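Numbers here are sequence positions counted from 1. For clarity, every value in this text was computed on a predicted model and none was experimentally measured.
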Amino acid sequence: LSYVDESMVNVALPAMQRDLEAGFATMQWVFNGYMLALASLTLLGGSASDRFGCRRIFLVGLAAFAAASLACALAPSAAWLVAARSAQGPAAALLMPASLALVSSAYTGTARGAAIGTWAASGAIAIALGRPLGGWLVDAVGWRAIFFVNLPLAAGALWLGFKLAAGRDAERTRAFDLPGALLAVLSLGLLSYGLIALGQGDGVAGALAVGLSLPAMALFVRQEARSPTPMLPLPLFRNVAFAGVNLVTALYYAALSGALFLLPYVLIEVHGYSALAAGAAFLPLSILMGGGSRWAGGLMARTGARLPLVLGPALTAAGYVLLGLSGEEPSYWRGFLPGLLVVAL
């Protein structure tokens, strides 16, 4: 549900913009509202699974995601759509850690690794199918269909969810780090708003929002350092490998996510692709990501993690070079050079 929805929305954004007569900044919030809530609240969703039980949180997340999807499908305005997409984010933040915890609690030993790999592969398959399916739905039915299709998927998942074992025991004594969650949403929200405002040419509002995000981030770090049950335990970052891999991941996906957001616009609005053709254009990427995961795992077992962590971003950077060379104007480079630099780091 989460992966299919995210990939279908990407190819539907130009159609949404035309139908709702919205600006590009609003479409950024259709994407960012969901990702902001998901990123800020996933750790809190994991804590909820610990406290109330994995299956219960999984079912609550499913029901909330279905309700938010229905609100998206019925959106009469762009503002409504942004609000409904922002409500999908917390629902997904409950779904994803609870589903992984259910898988982890159902298997032990080497079987657990294979089960988690299957869980991850299912996400890659969903991404691979989501964009062409979303493109076909946009062309044949309309963009609202990409949200309506979530309802039967959620109904089937709920039916299966009620048959699942409860998973690991809940930790009733674990408290929630609500101040940490609120500060995470505030700081990331201000930073997102500021960057979007700067992109629109509103330098004063953008600079003010970015400036305010910095003390909000400092307060978040202070809260996590003092909280008895932090949402993000800071001592984890004393481990150099943990801190380094998270930094690599943040840089890599900062570049990749920006390209995946913008490329459907380039293909549809500039090169005249249909939504279906734009979705199909992403199939090689999705198939290689999904199909190559198992091979990459075997490579890591033979060579260690360092070589794949260097080769992966290097190949991605090479892809950014090709994207830059495909532009007809030198200014095209301005869109991909930041991503290239981020990946190269």
Using the rule that two of Ile, Leu, Val, Met, Phe, Trp, Tyr join whenever any of their side-chain heavy atoms come within less than 4.5 Å, decide whether [X] and [Y] are in one cluster.
X	Y	result
Val240	Val310	no
Leu36	Leu262	yes
Leu178	Phe52	yes
Tyr3	Leu158	yes
Leu309	Leu247	no

Is the closest side-chain heavy-atom distance between [X] and [Y] below 4.5 Å?
X	Y	answer
Leu191	Val210	yes
Ser2	Met96	yes
Arg131	Leu283	no
Met231	Gln223	no
Leu13	Pro264	no
Trp80	Pro76	yes

Over all atoms of both residues, closest heavy-atom pair of [X] and [Y]:
X	Y	result
Cys72	Ala84	SG-CB, 3.5 Å
Pro14	Ile268	CG-CD1, 3.8 Å
Gly61	Leu94	CA-CB, 4.0 Å
Val30	Met16	CG1-SD, 4.3 Å
Pro132	Gly279	CD-O, 3.7 Å
Ile57	Ala98	CG2-CB, 4.2 Å

| message | If the condition is side-chain hydrogen bond (donor to acceptor under 3.5 Å, both in side chains), which residues does Ser213 pass it with, not counting sequence neighbours? | response |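 Ser213 satisfies side-chain hydrogen bond (donor to acceptor under 3.5 Å, both in side chains) with no other residue.
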| Which residues pass the side-chain hydrogen bond (donor to acceptor under 3.5 Å, both in side chains) test with Ser69, sequence neighbours left out? |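 Counting only residues at least two positions away or on another chain, Ser69 forms a side-chain hydrogen bond (donor to acceptor under 3.5 Å, both in side chains) with Gln88, Asn150.
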| query | Which pairs, with at least one residue in residues 72-86 and sequence neighbours excluded, count as a salt bridge (Lys or Arg N to Asp or Glu O under 4.0 Å)? | reply |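 Every pair satisfying salt bridge (Lys or Arg N to Asp or Glu O under 4.0 Å) with a residue in residues 72-86: Asp5-Arg85.
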| task | For the residue pair Thr316 and Tyr252, confirm or rule out a side-chain donor-acceptor distance under 3.5 Å. | result |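 Yes, side-chain donor-acceptor contact under 3.5 Å.
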| Are Val248 and Val245 close enough, and set up right, to give a side chain to side chain contact (heavy atoms under 4.5 Å, CB included), and what steps lead you there? | CA-CA 5 Å; Val248 168; Val245 169; 5.6 Å; no
| said: Using 0.5 Å steps for rounding, measure from the SG atom of Cys54 to the CG atom of Leu100. | reply: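 Interatomic distance, Cys54 SG to Leu100 CG, rounded to 0.5 Å: 9.5 Å.
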| task | Give, for atom CG of Leu219 and atom CG of Leu214, the distance between the pair rounded to the nearest 0.5 Å. | result |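 Going from CG on Leu219 over to CG on Leu214, the span is 11.0 Å.
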| said: Using the rule given for side chain to side chain contact (heavy atoms under 4.5 Å, CB included), can you reason through Ser99 versus Trp119, listing the C-alpha separation, both sets of side-chain angles and the distance that settles it, and then say yes or no? | reply: CA-CA 9 Å; Ser99 66; Trp119 178 89; 3.1 Å; yes
| said: With side chain to side chain contact (heavy atoms under 4.5 Å, CB included) as the criterion, how do Leu232 and Phe220 come out once you've worked through the C-alpha distance, each side chain's angles and the decisive distance to 0.1 Å? | reply: CA-CA 10 Å; Leu232 181 65; Phe220 170 74; 4.2 Å; yes
Under a single-linkage rule joining Ile, Leu, Val, Met, Phe, Trp and Tyr whose side-chain heavy atoms are separated by less than 4.5 Å, which residues share a cluster with [X]?
X	result
Leu74	Leu70, Phe148, Leu151
Val11	none
Leu182	none
Leu160	Trp159

| request: List for me each residue that meets ring pair (Phe, Tyr, Trp, His ring centres under 6.0 Å) alongside Tyr193, sequence neighbours excluded, and say none if there are none. | output: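 Counting only residues at least two positions away or on another chain, Tyr193 forms no ring pair (Phe, Tyr, Trp, His ring centres under 6.0 Å).
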| field | Counterpart residues, ring pair (Phe, Tyr, Trp, His ring centres under 6.0 Å), relative to Tyr107 (two or more places apart) | value |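 Partners of Tyr107 under the ring pair (Phe, Tyr, Trp, His ring centres under 6.0 Å) test: none.
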Are there over 12 heavy-atom neighbours, none belonging to [X], within less than 6.0 Å of that residue's [atom1]?
X	atom1	value
Trp136	CH2	no
Phe282	CZ	yes
Tyr253	OH	no

| request: Could you list the residues that satisfy salt bridge (Lys or Arg N to Asp or Glu O under 4.0 Å) with Arg222, not counting sequence neighbours? | output: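 Not a single residue meets the salt bridge (Lys or Arg N to Asp or Glu O under 4.0 Å) criterion with Arg222.
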Side chain [X], main chain [Y], donor-acceptor under 3.5 Å:
X	Y	value
Ser192	Gly189	no
Ser187	Ala184	yes
Arg55	Phe162	yes

| query | Does anything in residues 9-26 pair up under side chain to side chain donor-acceptor pair (under 3.5 Å), and if so which pairs, sequence neighbours excluded? | reply |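 Qualifying pairs, neighbours excluded: Gln17-Tyr265, Arg18-Glu269, Asp19-Trp143.
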| Pairing residues for Leu208 by the side chain to side chain contact (heavy atoms under 4.5 Å, CB included) criterion, not counting sequence neighbours |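 Leu208 satisfies side chain to side chain contact (heavy atoms under 4.5 Å, CB included) with Leu212 only.
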| Checking side chain to side chain contact (heavy atoms under 4.5 Å, CB included) for the pair Leu81/Trp29: CA distance, chi angles, key distance, verdict? | CA-CA 9 Å; Leu81 180 61; Trp29 278 112; over 6 Å; no
